[in-house]
Every structure is written in C-alpha cells, then in structure tokens.
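Report on one structure; see the data block that follows.
Protein chains get the first letters and strands the later ones, always in sequence-line order, with residue 1 at the start of each. For clarity, every value in this text was computed on a predicted model and none was experimentally measured.
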Protein chains: 2
Amino acid sequence: MSAPTQRVTIKDVAARAGVSKGAVSLAFNGKPGVSDATRDRIFQAAEELGWAPNVRARSLSSGTRVDTVGMAICRPARLLGLEPFYMEFISGVESVLTQRSCSLLLHLVRDVDEEIALHQRWWQARQIGGAILVDFRENDPRVPALRALGLPAVAVGHPSLTGGFTSVWTDDATAAAEAVRYLAALGHQRIARVGGPVGLGHSAIRTRAFTEATRELGLVGDLQIATGYEGEEGARATRSLLLRADRPTAILYDNDIMAVAGAAVATELGLAVPRDLSLLAWDDSQLCRLTHPTLSAMSHDVHGFGADVAQTLVAMIDGEEPPSHQVDTPSLTPRGSTAPPRR
Amino acid sequence: MSAPTQRVTIKDVAARAGVSKGAVSLAFNGKPGVSDATRDRIFQAAEELGWAPNVRARSLSSGTRVDTVGMAICRPARLLGLEPFYMEFISGVESVLTQRSCSLLLHLVRDVDEEIALHQRWWQARQIGGAILVDFRENDPRVPALRALGLPAVAVGHPSLTGGFTSVWTDDATAAAEAVRYLAALGHQRIARVGGPVGLGHSAIRTRAFTEATRELGLVGDLQIATGYEGEEGARATRSLLLRADRPTAILYDNDIMAVAGAAVATELGLAVPRDLSLLAWDDSQLCRLTHPTLSAMSHDVHGFGADVAQTLVAMIDGEEPPSHQVDTPSLTPRGSTAPPRR
C-alpha cells in the first residue's frame, strides 16, 4: 500500500513554508484566512519543491471540469464489442462516479499516438479532471508524454510498467503461477496457455510467470499461444493445441470468452470437459457460470477493481495523494471444467 | 426514410423570410453577407415558426461542445457488466465519433429522474452537443422533459415510443413474428419466449407480436417470461419452463447471453440441443458462434446500428435535419441450435 516513488506532498510544502497543511490548502483554493505574505511564502515553497497545486485548486481557478473522467481504450476501428473485462471494469468505475455525479468520457482509439493526442486535447480544453490509463506496454510512450502534461491520472498496471504514475494493479505473476501449480497438483503434465497480446505488459508478466512455474515443476514444454483476446482467436488457438500429437490435457486462458470458445472446440472435437481436457479461465465474468460444465477460473472482482481505480482517481482530483496499491490477487475458483487427467 | 411528424425546417424559415437557405445559415452562424435588416427578418421568421437555431450555430455563439455526445444507460447501481448488446452498440457509436475526433460521455444512471437531471446538467453546462437516448418506455417521462430542454437528441426506439424525437429503430414486431413462424415451420407446437423487462417499449412490442403470431398459427398457449436480460435470470426462466409437465420444445430469447445460459440449463437437465429442445437467440454477438452447438439467432448488425445512430446525431449537430428511419430488420440466421422437434 506504499507509493513506489518518493513524491513531494502538501506536507512538505507546509513544512518548508512553516505553515499548516490547512493553510496551504486555503492559499491554493483562494480562500480567506491566510495573509498575502503567507500566501506568497506558500506559493514560493511549492514552486521550489516542484509541487503542483492540486487539481481541485486548479479547477477552481481555471474552470477545469472535475466532474468528468477520461478513459481511452485502444482497439481496432472495427471491433465487434468490448470484452467482458471492460464491461465489468467500466461498470465498477461508473458505480463510484455516479455517487459523485461524475461522468466517464470514453473513447476508443486506434493507437497510442491517438491516445496521447486525445489526452492532450481533453486536458488542454479542460474537458476532464483526470484520466484512467489502461493496457500498459513495456516502455509505454504514454508515460513521458502524459507525465509532461501534468494530467492527474491513475494507471491500471504494475508499477514496473507505469513509470511513476499512481498505479493500481493485480499481481498477475502470482496468480499465473498458482494456476499452473493447481493444474499440476491435479496431475497434469502437459499444460498450455492461450494468452493475450505479447506487447501488453500484464500479458508479458503472465507469460514469464507461466514459463517459470512450468520449469520449476518439471512440466513438459512451455506451450503458450498469444492472441488478441477475441473468442474466435481463442477457438483457433485451442484447435491448434488439440490437434497436436502431444496435445495438452489442460489449458489456461487469459480471459473468459476464449475459455468459453475453447470449451466449444473441445466438444466439436469429441473431447469431454473435464474428463479429456481441463479448462481454466481468467477474469470470471458471469459467462463462466452460464456454461455447462461451469468454468473454473482465476477470479477477481473486476467490478471492484474498476471501483477502486475510480476511487483513487477521485481522491486525486480532490487534492489528496492516494498511494499506489495492489488490489486482491486473482484466486482460484474451481468449478466443473477442471479435474485430474484421464489415465 | 421519412420523418414521422411534420417539422419546421430551415427551408420554411427561408421561404417565410423571403431569402435563401444559405442566408438563413449565414445569419444564424453570425457570418457576414446578410444585412442587419435581413438578419432581423430571418430571426423573426424563425421565431414565428418556432424553428430553433441549429446546434452548430448555438455552439458557435455559446461555446457548447459539439465534439462530445452524451449517453445514459439506466441500470441498477451494482451491475456485473453491460450486456453484449451495449458493448457492440457503443463500439459502433465510437467508430463514427472517432472519425470526427468526438468522444462519448457515458453515464450509468439508476432511474429516469436521474437521467433527466443528468441531461439537464450536461446541456446547461454545455458539456455535450447532443445525446443518444435508449431504452424507451411507454409514456416515457424523458420525452416532455428533454424536448423542453431543446437538447439535440437521437432516440433509439420506435416512433410510437419516442414522442417526436428523431428516431432510429429496428422492426422488432416483424422480427419476433418471423422467429415464431420459423419455429412453427420446423414443426414446434409449444414455443416459449424468455423476454426483457415488461416496462421497456421494445420488449412490449415483441411481447405483443409473439402473442399475435402464436394465436394466428394456432400454437399451444402463450408462454412468455419477462426477465431483466441477465444470464442468471435467463437460466432461471429456462429451468422453470423445462420443468413444466407440458414443457416447450422451442424457446426464443430476447438476447444472446440468456440463450447461452438456456443451452447450459438444457445440458444440465439432460436435454440435447437441438434434438430435445430448439433455442433461438436475439442480437447475435460473437457469443452465438462460440458455443457448441452454435446458436441460431435473430441477427442484426448492432455495431452498424450504433454507427447509424451516431451518424444521425452528428448530422443533427452539424445543423442538418436527418429524418427518422428504420434500420435493417433482425433476420433469421439458422445455426446448430434449431431443428424439428423429436416425435
């Protein structure tokens, strides 16, 4: 629950100016109660420490909208729909924003350059009070561009990817290793993974953790296929895995819609789940409970994750300095799709 | 493709003022090229006819954001996620907005009063250039409230529900009747429907069409259950239908996630799809192609529907007067989940 980088806070400004935190707040909010001389000393201390006036203060002085939060999702122009993950995540974000009569400004972008330009436009036009940043890549170009902007933002991703932004993340490495250990404990020796895009940071983290866990447990090979998260791709990847001479007896998926598609491919090929093939999903939306057999999953509270991210951003917009923190690690929910392999 | 109500247009204003359409446009856009006397005559003609200056003009004169479109979706506070329909619809809306560097301001609201207040706030704060209104009910209170506001809006729904808003809709009555006729043609006598909430206008339209079609075809009973569109509710409704002594041999669902849930319930109860039970979905997202057997569906291009609605709103914001119109009627896509009943 501690911030990964040392940041200058309102306390430091107060200490340097020799006043209380309340006085700093009054000064930056343009409220009475501090003399002109004190106000000047506070502003000078803030400037020397490189402390930016908080967003609420900025809003009061500049008219920035603090009741609107921006979020861009990078997807191809022709997209059949958002994944269940984002549906639940956005629903969680909205559950917090709604309580504060805030709205979400949502935009699908085609690439990271468009996303950077969008945030610049939103911020400079004072359309948003802050932003939620998702889908971090390694050496993400948004980090330098958006940090330079001074945009209040919460990054959804591990601090190793988010370059000093206040971050909220799940421990994907631990969860991926737990998934492998569970399937191995059931007796599976050939375990495959149908993963997300290689370029995405959290996908890379899961890929490395999967490789390490299979090696540590002495399992056969390191069978992983990268996809773009779409159900059709999950179906194709599953088919190619199941047509191998040394087909896996268990498959871990990076989301749930690909696991649903994988179950249909197994049926199509005459394989019974879980007798001939175990399937383990990730994210665990309602989809996993609507299939027969129901799908075992690495479940986490995606709605709660979105709510936590929104809460963190809202605190930041209110001028607080919420720490970066990890939310609950996805944990195993065994259901009907996992069992020991047939001997 | 014609507007259902007679509306005053820029042509009428031009005719009454004895000028060209171009001159009216110049006057309202504050551009040079019309004398003060002509401008006054134009403004007077517009006022007499009750013609509102177009949105672009309003924007130029008032600073309203024409690059942001608002959309509220009414759902309970704790919601597991948006339905596939809205994921695809929003994705279609965004595909048009993205081309124009416009963004969607999205907000989940708890009830219609909150939605009305939200639109009033958005419009009065000049945060949006227009709105997309969805989920119309009979005698919808948004109609008088938002029409009084003068908010440019496109209503997603049949003109019988949307009270004079420019509307875009699908012909749900025709599609529901086609679904019943198809299942009857396969030989089904006991056909049930798992529908949406009774209060929703398009759900009521489908309910009436289903009743009429079953009566016309001389089918057994009028077996319909209303739900809230969630998968779990679809599962419960299916279970209750299949446990009846006179269980139906075919079920029509109002969306696809409930049909997926229905297929799992059939398997759970030892019924084979389609041998013992035919299932017909609605909306046809990628889910219908990811199950085994694949799901037959009343398919329509939800992405294209969203794009059409956004295009209509964008034209309106640009000062055009796009007509209300119907998009393609959902049509039958037979797949693996429908067949003649077992004798």
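- Counting heavy-atom pairs closer than 4.5 Å to chain B, the top residue among Thr291(A), Val93(A), Leu290(A), Val302(A) is Leu290(A).
- Contact annotation for Ile257(B): both backbone and side-chain heavy atoms come within less than 4.5 Å of a heavy atom of chain A.
- In terms of heavy atoms, Leu108(B) sits closest to Thr98(A) at O-OG1, 3.0 Å.
- Between atom CD1 of residue Ile73(B) and atom OH of residue Tyr86(B) there is a gap of 5.5 Å, rounded to the nearest 0.5 Å.
- Taking 4.0 Å as the cut-off between side-chain N and carboxylate O, Asp318(A) and Arg100(A) count as a salt-bridged pair.
- Interface remark: of the candidates Ala235(B), Ser285(B), Cys102(B), Cys102(B) forms the most heavy-atom pairs closer than 4.5 Å to chain A.
- Contact check on Asp284(A) versus Arg335(A) returns a salt bridge, with a Lys/Arg side-chain nitrogen under 4.0 Å from an Asp/Glu carboxylate oxygen.
- Closest approach of Tyr253(B) and Met258(B) over heavy atoms only: CE2-O, 3.5 Å.
- In this structure, the side chains of Phe85(A) and Asp256(A) stay at 4.5 Å or more apart for every pair of heavy atoms.
- Interface with chain B: from residues 259-272 of chain A, residues Val260(A), Ala261(A), Ala264(A), Thr267(A), Glu268(A) qualify, criterion being any non-hydrogen pair under 4.5 Å.
- In the model, Gln127(B) has no side-chain atom that pairs as donor or acceptor with a side-chain atom of Thr68(B) under 3.5 Å.
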